[in-house]
Amino acid sequence: MIINHKKILGIAFLMMFTLLLGCSKNGSNPPPEPDTVLGTPFASNASNITNTSFNVNWVILPEAESYLIDVSTSNSFSTFVTGYNTLEKSGSTVEVTGLSPGLTYYYRVRAKKGAEISNNSNVITVTTTGVQAEDPTFLKVKANALENPFYVGVAVKSNQLTEGSSYDTVLKNEFSSITAEYEMKMNPISTGSGTYNWSAADKIVQYGNDNGINVHGHALVWHNAVPDWLSNFSGTDSEFALEVKKYITDVVTRYAGKIQSWDVVNEAVDDNGTMRNTIFLQKMGANYIKDCYQWARDAANAAGDTNLILFYNDYATSTNIPKQDKVFSIVDDLMTSNLIDGVGFQMHNTYLSPTKEQIETDINRAVVLGLKVHVSELDIQVNQNNDITHLTEERNLAQKDKYKEIVTIYNALPKANKYALTVWGFKDNESWIPFSTDLNHPGDDWPLLYNNKFEIKSAHTGFLEGLD
Ligand code: 9MR
């Protein structure tokens, strides 16, 4: 065997070099390669969308072993589509089945490697094809199916109108009309003479228009919503009147053709049955109400909306007869000038009052005049005397009966007098009632159709039964 010395030398040299390279400076072994960090996956748009299914898609991460998929009807993922909560899959797609037509869904994906789970991916929105089934347990669906249908309304705040929020879902399912709870009043809109902040009001009107939901305007002139600059107005009385005219004209013009009705003057009558001594009465005189309606009508007509429905809106007229009389004397006066189309009965009621007969008598005064009736701010207190600390079953059922009663009364109105029955908010804990200092009612109350968790109450069932 011929030994090649040169070759042996070369191999020995290479071995030594490799050994040297393998040793770190302090002589120990090199640290192991670090584990790859598990990234956050990227969810991509849905594909193969049908009326009951779609494919969830995501971009594969090399380090991931599998993926966890969530599908929900709310973009906050408060609930999940059955079978699609942390559903574990490999690959880059999964078919979601058993869905409802015309409904919006949301999905997100997490990556998994061993016990390690990544953050949630971006959220993808997808709407199944087809038309949502008409569910007769939804208020507006049942009201729309009546022989003489009417709008079922709700008071809203602009921050509730985010697509996919629980308010948005309930609103689109159940209600066909909206009223701004405060953002279309004078104090948020009017920032000075001829200057305005339209942002919240625009959002509410746009939402209604985009979703085929009626918008009722509330309220052009109300003594409780006068902006500071106008309360402190230092000009003459006729200059004050011109400011009011300008405000009414600009607001009505802006929303002409976009909203169907306005409360022009709100709560002009005092609880003692006389004209409320407001800044408007003081500076503009007893004719101020008529002036305001005339300005609203003129602005609408000039903007091409000759069908704007003008309401007078007030509270407690069913139980307070002097007040009721005064309201209807104002209404009569406006009618002689053809300036009013309807009366808003607020109906901040309790489970005991007013009685059915009191409500019917009150509302009937508008009916016989041929005016539209808007039950405009309905809520029903159950703890007006602060004698309960939670919603007892007995009060819950009494409230249900009272909701049923007023819906029954409204539903029995002749077709020509029907307009809308509007509930003053969604959830009990967000109602104005428990927070009102005027009501002298500091305790809890539960006056609306949905509880704090946004679940329907018996009051909701009562409302539905009133539509039978
Ligand atoms: O419920 C409304 C509350 O959120 C507002 O802070 C308040 C002032 O703008 O107005 C409340 O709504 C009132 C309505 O506009 C007129 N009738 C009485 C309602 C309760 O105060």
Side-chain angles (χ1 to χ4, degrees), residues 153-161 167 171 175 177-191 197 199-201 203-205 215-228 230-231 247-248 251 259 261-271 276 278-280 289 292 310-320 323-324 327 330 342-350 353-354 362 373-381 383-384 406 420-442 444-450:
V154 63
V156 299
K157 299 165 186 152
S158 62
N159 66 5
Q160 296 167 331
L161 305 180
Y167 299 95
L171 210 167
F175 297 97
S177 180
I178 49 177
T179 305
E181 187 164 350
Y182 64 89
E183 288 157 309
M184 292 179 75
K185 293 169 185 168
M186 200 188 249
N187 51 354
I189 291 182
S190 172
T191 52
N197 179 354
S199 52
K203 185 172 172 190
I204 291 169
V205 174
V215 185
H216 170 68
H218 172 81
L220 294 170
V221 172
W222 184 33
H223 65 279
N224 261 345
V226 182
D228 288 346
L230 196 60
S231 299
Y247 175 79
I248 291 176
V251 177
I259 77 177
S261 51
W262 268 108
D263 291 329
V264 180
V265 176
N266 189 43
E267 302 176 8
V269 179
D270 212 335
D271 293 345
R276 192 185 290 277
T278 67
I279 190 170
F280 304 105
I289 298 184
C292 292
L310 303 183
F311 280 98
Y312 175 81
N313 193 52
D314 217 322
Y315 67 90
T317 50
S318 301
T319 47
N320 184 337
K323 185 168 182 177
Q324 184 186 113
V327 164
I330 292 172
V343 181
F345 300 84
Q346 292 185 11
M347 299 287 171
H348 295 294
N349 296 348
T350 76
S353 171
D362 191 15
V373 172
H374 186 192
V375 169
S376 54
E377 303 180 18
L378 178 63
D379 43 37
I380 298 179
Q381 297 169 50
N383 195 20
Q384 67 273 23
I406 190 146
L421 195 161
T422 297
V423 182
W424 207 237
F426 290 97
K427 294 154 72 175
D428 282 338
N429 57 329
E430 291 168 6
S431 159
W432 70 288
I433 300 269
F435 304 100
S436 166
T437 43
D438 288 350
L439 287 177
N440 191 20
H441 177 202
D444 267 339
D445 210 321
W446 302 271
L448 296 172
L449 300 180
Y450 307 89

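Just so you know, these numbers come straight off a predicted model, no measurement behind them. Note that ligands are numbered from 1 as they come in the structure, with each ligand's atoms numbered from 1 the same way.
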Peer 1: Under 4.0 angstrom from atom 6 (O) of ligand 1, is there any protein heavy atom?
Peer 2: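 Not a single protein heavy atom is under 4.0 Å away.
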Peer 1: Please list, in number order, the atoms of ligand 1 under 4.0 Å from a heavy atom of E181.
Peer 2: 1 (O), 2 (C), 3 (C), 4 (O)
Peer 1: Quick check: Q346 and ligand 1, any N/O pair under 3.5 Å apart?
Peer 2: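 Among all N and O atoms of Q346, at least one is under 3.5 Å from an N or O of ligand 1.
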Peer 1: Numbering the atoms of ligand 1 from 1, which are under 4.0 Å from a heavy atom of E267?
Peer 2: 16 (C), 17 (N), 18 (C)
Peer 1: Suppose I only count heavy atoms of H348 and a 4.0 Å limit; which atoms of ligand 1 are within that range?
Peer 2: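 Ligand 1 atoms under the 4.0 Å threshold to H348: 18 (C), 19 (C).
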Peer 1: Using a distance-only test with no angle check, is there a side-chain donor-acceptor pair under 3.5 angstrom linking T191 and N197?
Peer 2: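 No, because no side-chain N or O of T191 sits under 3.5 Å from a partner of the opposite role on N197.
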Peer 1: Show which atoms of ligand 1 fall inside a sub-4.0 Å distance from at least one heavy-atom site of Y182.
Peer 2: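 Answer, ordered by atom number: 9 (O).
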Peer 1: Should the proximity of W424 to ligand 1, defined as any heavy atom under 4.0 Å, be assigned to the side chain, the backbone, both, or neither?
Peer 2: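 The answer is the side chain.
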Peer 1: How far apart are the C-alpha atoms of D445 and N383, what are their side-chain angles, what is the distance that settles it, and do they pass the side chain to side chain donor-acceptor pair (under 3.5 Å) test?
Peer 2: CA-CA 5 Å; D445 210 321; N383 195 20; 5.5 Å; no
Peer 1: Should K203 and E183 be marked as a side-chain contact (heavy atoms from CB on, under 4.5 Å) after you check the CA-CA gap, both sets of side-chain angles, and the distance that decides it?
Peer 2: CA-CA 10 Å; K203 185 172 172 190; E183 288 157 309; over 6 Å; no
Peer 1: Is it the case that S261 and H216 place a side-chain donor and acceptor less than 3.5 Å from each other?
Peer 2: yes
Peer 1: Of all the non-hydrogen atoms in the protein, which one sits nearest to atom 18 (C) of ligand 1, and at what distance?
Peer 2: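 Among all protein heavy atoms, the one nearest atom 18 (C) of ligand 1 is E377 OE1, 3.3 Å.
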Peer 1: So, is the end of the K323 side chain (NZ or CZ) under 6.0 Å from the ring centre of Y315 and within 45° of the ring's axis?
Peer 2: yes
Peer 1: Report yes if some N/O of N266 lies less than 3.5 Å from some N/O of ligand 1; otherwise report no.
Peer 2: no
Peer 1: Would you call K157 a ligand 1 contact, heavy-atom distance under 4.0 Å?
Peer 2: no
Peer 1: Can you list the ligand 1 atoms lying under 4.0 Å from a non-hydrogen atom of K185?
Peer 2: 7 (C), 8 (C), 9 (O), 10 (O), 11 (C), 12 (O), 13 (C), 14 (C), 15 (O)
Peer 1: For W432 and H348, take the angle between the two ring planes, folded into 0 to 90°, and tell me which bin it lands in: parallel under 30, tilted 30 to 60, perpendicular over 60.
Peer 2: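 The arrangement is perpendicular - the two ring planes meet at more than 60°.
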Peer 1: Classify the ring geometry of F426 against F175: parallel below 30°, tilted from 30° to 60°, perpendicular beyond 60°.
Peer 2: perpendicular
Peer 1: Exactly one of V264, D263, V265, I289 should register a side chain to side chain contact (heavy atoms under 4.5 Å, CB included) with V221. Which one does?
Peer 2: V265
